[in-house]
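A quick write-up on the structure given underneath.
Since the structure is predicted, the reported quantities are computational estimates derived from the model, not experimental observations. In the text below, chain A, chain B and the rest are named by the order of the sequence lines, each starting its count at 1.
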There are 2 protein chains.
Amino acid sequence: MLRAGVVLADQVGIDGFTMRTLAEKLGVVPMALYKHVANKQELLEGMVDLVWAEVTEPEGGYGWKQAMRDRAVSLRAALFRHRWAVGRMEAAGRPGPENLRQHNALLGCLRENGFSFRATVHVTSLLDAYVYGFALQQETLSFETPEESAEAAAATRDAESAEAAARYPYLLEVVEELAKEGYDYDTEFGVGLDVLLDGIEVLRGSWRDG
Amino acid sequence: MLRAGVVLADQVGIDGFTMRTLAEKLGVVPMALYKHVANKQELLEGMVDLVWAEVTEPEGGYGWKQAMRDRAVSLRAALFRHRWAVGRMEAAGRPGPENLRQHNALLGCLRENGFSFRATVHVTSLLDAYVYGFALQQETLSFETPEESAEAAAATRDAESAEAAARYPYLLEVVEELAKEGYDYDTEFGVGLDVLLDGIEVLRGSWRDG
DNA sequence: ACCTGAACACCGTTCAAGT
DNA sequence: ACCTGAACACCGTTCAAGT
């Protein structure tokens, strides 16, 4: 049933995802759902934990940097498959078992690779913030492909009046450059991620427990 | 009226923010709102642009690094004051004038400080993702103060059964350390931001237009 | 022509009425 | 005892009926 919820939310988005549509999809009466979950909030929490289950645990074998990179890519991919989940992964209510397992593995990988306690907290906060924020940007902006993004840029440029062009010259430049060159989210994500990981590497030694 | 919407959303959160409650607050009949705005979506877009208006434009006088830092801090502060706005700042619908002004100033500051076109895109994508993601984490986790966070950590630790402690040793370690030392969002945000800015500085020269 | 109250098609959830 | 259909208190938005 949680799995059916994830599939439905993927298909129709979070607005179209209602107790009633889920019940209909499952061929039961809406009330029947309340046999399995207390309310919609609890249902969503269960669905989020299913998304966590899709994220690969960091693999220490290739070093912490590659492990962090793989996990970030995996997390972003999961958030892309399930866009409704962005902003619900760290929800306040009791975290699910997959969430706990995932975070424990992440913290463990860093600690075992010589990161101090403070540094471990900094790194997880920094990396997760970047992944969540990037996914959020991609979800709300949501040009799906480079072609689409070029198209959108062109449309925006045409829509800009001459007056607006004079008022926002730098913005216009970016719009026109992106229209020419296109914009690839995967590449952009990787570039930023490498900046983070390199910065973390440099500062790794200087972070000491307070 | 948009301003009243922002205040109401700040007070009651996005779930409690309805056309009907806003109308009541303004002392008018719900229908009257539709004289000023086509629908709720358009109302929210207008409110988001009011939040953009609160973000300080980057000041070039102290160098790009300080300018980027100040803007990131200002953006995060605005997102903290108006938590409902996180995830709506880059919405697909036509961006408002304050949004355009803000992004134009941001891009302009970078371009005028010698960043290549490609580098400018990388930097804005990276910094914005971090700010949005950090604000999102803080919103969903939402311990307000260091004291509260210590409290929450302690409560979580008590709730963990001995079995769970054995299963998630690294997670437990972090929970216990945070309970002792506390956790301050402002400090944590600054640490991550400095990693980003230092990493950007290092790579500034190596990013060339493709 | 204009304003607005009633109404529509929803929503999550409750609860009593049937078996 | 259990299941479920009707109902409740909402929501955003429409629209016809009043002025």
All N/O pairs under 3.5 Å across the protein-nucleotides 13-16 of chain D interface:
{"from": "D:dT13", "atom 1": "OP2", "to": "B:Y34", "atom 2": "OH", "distance (Å)": "2.7"}
{"from": "D:dT13", "atom 1": "OP2", "to": "B:K40", "atom 2": "N", "distance (Å)": "3.0"}
{"from": "D:dT13", "atom 1": "O5'", "to": "B:Y34", "atom 2": "OH", "distance (Å)": "3.4"}

**Fill in**
Read 5' to 3' with Watson-Crick or G-U pairs under 3.5 Å, [ ] for crossing pairs and | for partners on another strand, DNA chain D gives ||.|||||...|||||.||
**Asked** Is it true that B:F115 and B:W64 have ring centroids separated by less than 6.0 Å?
**Response** yes
Separation of [X] atom [atom1] from [N] atom [atom2], in whole Å?
X: A:E42; N: C:dG12; atom1: CD; atom2: C1'; result: 15 Å
X: B:L22; N: D:dG12; atom1: CG; atom2: P; result: 10 Å
X: B:D15; N: C:dG12; atom1: CG; atom2: P; result: 12 Å
X: A:E24; N: C:dA9; atom1: CD; atom2: C1'; result: 15 Å

**Message:** So if I take residues 1-14 of chain B and measure heavy-atom distances to DNA chain D, which residues fall below 4.0 Å?
**Reply:**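 Output list: empty, so none.
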Using the side chain to side chain contact (heavy atoms under 4.5 Å, CB included) criterion, which residues pair with [X]? Sequence neighbours excluded.
X: A:A91; answer: none
X: B:M31; answer: B:V29
X: A:R76; answer: A:V131, A:F134, A:Q138, A:Y185, A:D186, A:F189
X: A:L2; answer: A:L43, A:M47, A:L50

**Request:** Hey, could you give me each pair passing salt bridge (Lys or Arg N to Asp or Glu O under 4.0 Å) that has a residue in residues 119-129 of chain A? Not counting sequence neighbours.
**Result:** A:R71-A:D128
**Request:** Give every residue pair that meets the salt bridge (Lys or Arg N to Asp or Glu O under 4.0 Å) criterion with at least one member in residues 25-39 of chain B, sequence neighbours excluded.
**Result:** none
**Message:** Say we look at C:dA7 and D:dC8: how far apart would their P atoms be, to the nearest angstrom?
**Reply:** 16 Å
**Prompt:** Looking at residues at least two apart in the chain, or sitting in another chain, which of them share a side chain to side chain donor-acceptor pair (under 3.5 Å) with A:E24?
**Reply:**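 Side chain to side chain donor-acceptor pair (under 3.5 Å) check on A:E24 returns nothing, list empty.
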**All side chain to side chain donor-acceptor pair (under 3.5 Å) counterparts of B:E177, not counting sequence neighbours** =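 Per chain and number, B:E177 pairs via side chain to side chain donor-acceptor pair (under 3.5 Å) with no residue.
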**Complete:** The nucleotide from C:dC11, D:dC3, D:dG5 with an atom nearest the side chain of A:K35 is D:dC3
**Item:** Minimum heavy-atom distance A:N104-B:P169, with the two atoms named
**Value:**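 What the structure gives for the nearest pair is OD1-N, 3.3 Å.
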**Prompt:** Can you list the residues that meet the ring-ring contact (aromatic ring centres under 6.0 Å, His included) rule with A:Y132, with sequence neighbours excluded?
**Reply:**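 Not a single residue meets the ring-ring contact (aromatic ring centres under 6.0 Å, His included) criterion with A:Y132.
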